[in-house]
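Written below as structure tokens is the structure these notes are about.
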Amino acid sequence: MGNFDQKVNKFIEIFLEEGGYVKVVEGLQNTLLIAVAGLLIGILIGTVIASVRVLPKYRLLPRVLNGICSFYVALFRGTPIVVQLLVFYYVLLPVIGWKITGIQVSVLVFGLNSGAYISEIMRSGIQSVDPGQMEAGRAVGLSFGVSMTKIVIPQAVKNILPTLGNEFISLIKETSVVSFVGAADLYVAFSYIGSSSYEFMVPYLVMALIYIVLVLVISLLVKLMERSLKKSDRRN
Amino acid sequence: MIDVINLRKSFGDMEVLKGIDITINKGDIVAVIGPSGSGKSTFLRCLNCMEDPSGGSIVFKGVDIADMSVDINVHRRHMGMVFQHFNLFNNKTVLQNIMMAPVYLRCQDLKRVKRRNNMTRLRNLFCGSNKTALMPVTETGEQIRNEVREQAMALLRRIGLEDKADVYPSTLSGGQKQRIAIVRSLAMDPDVILFDEPTSALDPEMVGEVLELMKQLARDGMTMVVVTHEMGFAREVANRVVFMDEGRIKEEGNPKEFFENPKEPRLKDFLSKVL
């Protein structure tokens, strides 16, 4: 390990003097953008799917919708995210003639993918809320949708917040595959630094550090949010 | 006010209600008693279509609400319901619990009127001489909210819990929760309130305060249907008592006659066990 200092010096040189940090900041931005936008789309899709899946099912329309949603979830949970990225970027979007960048494709695919997972998380959250809450909402004349969005889902979200935090963390980590469709994330930035110095040890070490710090910060934020949402449980 | 005609309900192969006929008039206080599994809770939950009836009809103010094509939400506004387990909204404070439905529904109506007025204005632009009159908009969302808040606070004062307006339900005792649940359904200004065993989940100490509030409502002339195990309440407050067994109404009458001179052998047996 005698030349470790040398490697570090080399890294610092490229990072600071040859514009490496610009790439890293850009990569960090893209990673966060894909993860955050993916999570938001995922929560939206997941909530809608979960609401559909807990609809009472003695009419035709909810049954059909339920079938579509199960198919969607099976499709996106049953294939690896890399495959989904490749299929969207090289097959689906060219076929329908949509020209979008690698980052936009990544946001789309990560959103659709996490939507499938979040729908299951959300469904368990909704089912963990006492059915009496929905009944009470319906009994005062609110519709299914309003009772769901104003009463049941806020309570469900409180129950599933730790799991949602988990989902966000795994999203952040999974974004490291977006270079498959040419999006420049953290991995791309550090590969660039590595390949311009023919020295990969330090850049990848630093990359791992950045991921860990990101994840720790997010866990902290989730914990804070949980505490503020717990206020209706407190017995003061 | 409510005409129940040959009401039936099955869960899968289990037929729980086997044809129920009863008429509930304005001002009636109907106590429904019976052994567990007799279908009395199901009957009550069918009255506001919390459980969709499998057959028969429920005519509420001239509309058959058992018909699936009716917008049940409109009719439920006029039928309060109080549950065994209170079911206060856990993510709302006491005041929000009471205000939520009236404010939301009245604002919704307001929006509908405004939308329709906008359409009328648009049509008037092209109609020239014969303009359609706009519907009157008398209040704003803010006014509705203030009005409902005052009404809610008045209701809370009536049950002596105005100091609890801004706390969450998890901090309240069972009796307080149930009284607030009753007040929540009162805030909708309903024509009838359905009570599903309102005192069964309470500590014996707290039963009294809830029954006292229900008696007050009865004195004010509220129409009530009460599924209960409180024979004392049924005898004192109700003006009609209904005995259900095996999905049917077995005996019905005024409380005096009902308790002192039961005819049905099953009812005699039941009363001998609970009294």
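Below, each value reflects all heavy atoms present in this structure, side chains not excepted, and no hydrogens, waters or symmetry copies. Throughout, protein chains are lettered first and strands after them, A, B, ... in sequence-line order, and every chain is numbered starting at 1.
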Toward chain A, the part of [X] with a non-hydrogen atom under 4.5 Å:
| X | answer |
| --- | --- |
| Leu194(B) | neither |
| Tyr104(B) | side chain |
| Asp71(B) | neither |
| Met79(B) | backbone |

Open item on the list: Under 4.5 Å from any heavy atom of chain B, what part of Val146(A) do you find: side chain, backbone, both or neither?
Closed with: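 Val146(A) touches chain B through side-chain heavy atoms alone.
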- [ ] Could you tell me whether the side chain of Thr228(B) reaches within less than 4.5 Å of the side chain of Val32(B), counting heavy atoms only?
- [x]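 No, their side chains stay 4.5 Å or more apart.
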Is it true that a side-chain atom of [X] and a backbone atom of [Y] form a donor plus acceptor pair closer than 3.5 Å?
| X | Y | result |
| --- | --- | --- |
| Tyr72(A) | Leu112(A) | yes |
| Asp130(A) | Gly132(A) | yes |
| Gln84(A) | Phe76(A) | yes |
| Gln133(A) | Asn90(B) | yes |

